[in-house]
**Q** 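This structure is in structure tokens; I'll ask about it shortly.
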Number of protein chains: 2
Amino acid sequence: MLNGVLTALSDPTRRAIMTELGAGERRVSDVAAPFEMSLNAVSKHVKTLERAGLVRRRRVGREHFLTANPAAFERAAEWFDAQRKFWNARLDRLEHLMTEEAGNE
Amino acid sequence: MLNGVLTALSDPTRRAIMTELGAGERRVSDVAAPFEMSLNAVSKHVKTLERAGLVRRRRVGREHFLTANPAAFERAAEWFDAQRKFWNARLDRLEHLMTEEAGNE
DNA sequence: ATGATGTTCAACCATCTGGTTGAATGTATA
DNA sequence: TATACATTCAACCAGATGGTTGAACATCAT
């Protein structure tokens, strides 16, 4: 869902986690290590990303391995792309009108 | 700022407002009309979008005319595009490795 | 001047959010 | 078995968020 993905990614910590996972599979505590907040806080962020479908979890014994699920980006990326296209078209149309106007002067 | 734009757009009401403004300049009360919430609530949402740079306001007498500022989308759109490119490259690399692996069997 | 219109401001409220700490759970290891 | 490790769960807290209502402000129309 677009909503969940956008909400999840509107937090800088969570975007950083996604970037971190860009380097490959990581355990929860590895992901948490660079941050100054508690492991618990990061664990919550991971859960949020997971709920949004952006992160997948693989349990091996007591360790939880996390991977990014890039497919989940798609909806949001597409939404922004659609916006971009729409506004570009609109600006082009506007510009076109203005040059036409100029031609009539 | 990426953060502000993403946060602003993570709310469905605010995304709807942006869509509404896609049709052209609108007064605050016109923007508010289709929503079931109070004018005040929408006014607050507009202010949020304005703070994020996504909306511009033009005061004419007592009326405030709003327009979308598509340029503000750019950062966010670019961020998603960068993500998309990064993950596609990563998947390609992975696929490549796997076919190489298969060739060695 | 009066009153209606368009909008914001201010105070309030319930819920969400992002963080904390401490305990619980499950698993590996000595 | 006892202990250390990896992680989550639960309770709590402060501050943000999204909504409400009522008053204030500025402007237009009579």
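When reading the values below, keep in mind they use all heavy atoms of this one structure, side chains included, and skip hydrogens, waters and symmetry mates. Every chain is numbered from 1 and lettered A, B, ... according to where its sequence line falls, protein lines coming before strand lines. Keep in mind it's a predicted model, so treat the numbers as computed, not measured.
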**Q** Between A:S38 and C:dG19, is there a side-chain N or O to OP1/OP2 distance below 4.0 Å?
**A** no

**Q** Round to a whole Å and report the spacing from CZ of A:R59 to P of C:dA28.
**A** 14 Å

**Q** Using whole Å, report how far CG of B:L39 lies from P of D:dA23.
**A** 17 Å

**Q** Which residue lies toward the 5' end of DNA chain C, A:E36 or B:V46, if each is placed at its nearest nucleotide?
**A** B:V46

**Q** Mind checking the CG-CE spacing from B:L91 to B:M98? Nearest 0.5 Å is all I need.
**A** 11.0 Å

**Q** Is it possible for you to check whether A:R58 lies under 6.0 Å from the centre of the six-membered ring of A:F65, through NZ or CZ, and within 45° of that ring's axis?
**A** yes

**Q** Report the residue from A:N69, A:L21, A:L66 that forms a side-chain contact (heavy atoms from CB on, under 4.5 Å) with A:R56.
**A** A:N69

**Q** Would you kindly give the CE-to-P distance between A:M37 and C:dT21, to the nearest whole Å?
**A** 13 Å

**Q** Find the distance B:L9:CG to D:dG18:P and express it as a whole number of Å.
**A** 12 Å

**Q** Could you check whether B:K47 gets within reach of a base, just the sugar-phosphate, or nothing at all, counting any heavy atom under 4.0 Å?
**A** sugar-phosphate

**Q** With heavy atoms under 4.0 Å as the rule, sort B:R27 into base, sugar-phosphate or nothing.
**A** sugar-phosphate

**Q** Between B:D11 (CG) and C:dT17 (C1'), how many Å, whole number?
**A** 15 Å

**Q** For residues 76-89 of chain B, pull every pair meeting side chain to side chain donor-acceptor pair (under 3.5 Å), keeping only residues two or more places apart or in separate chains.
**A** A:E74-B:R84, B:D81-B:K85, B:Q83-B:W87

**Q** For nucleotides 27-30 of chain D, tabulate all protein N/O to nucleotide N/O atom pairs closer than 3.5 Å, reporting atom names and distance.
**A**
from	atom 1	to	atom 2	distance (Å)
D:dT27	O2	B:R62	NH1	3.1

**Q** Just how far is it from atom CZ of A:F73 to atom CG of A:L9, taken to the nearest 0.5 Å?
**A** 5.5 Å

**Q** Output the single nucleotide from D:dT8, C:dG19, C:dG18 whose closest atom is nearest the side chain of A:R14.
**A** C:dG18

**Q** Atom CZ of A:F65 to atom P of D:dA6: distance rounded to whole Å?
**A** 11 Å

**Q** What integer distance in Å separates A:H45:NE2 from D:dT8:C1'?
**A** 16 Å

**Q** Which of these passes side-chain contact (heavy atoms from CB on, under 4.5 Å) with A:R14: A:V55, A:L54, A:V46, A:L49?
**A** A:L49

**Q** Please report the distance, rounded to the nearest Å, between CG in A:N40 and C1' in D:dC9.
**A** 9 Å

**Q** Among A:E50, A:E25, A:E63, find the residue that satisfies the salt bridge (charged side-chain N to carboxylate O under 4.0 Å, His left out) test when tested with A:R57.
**A** A:E50

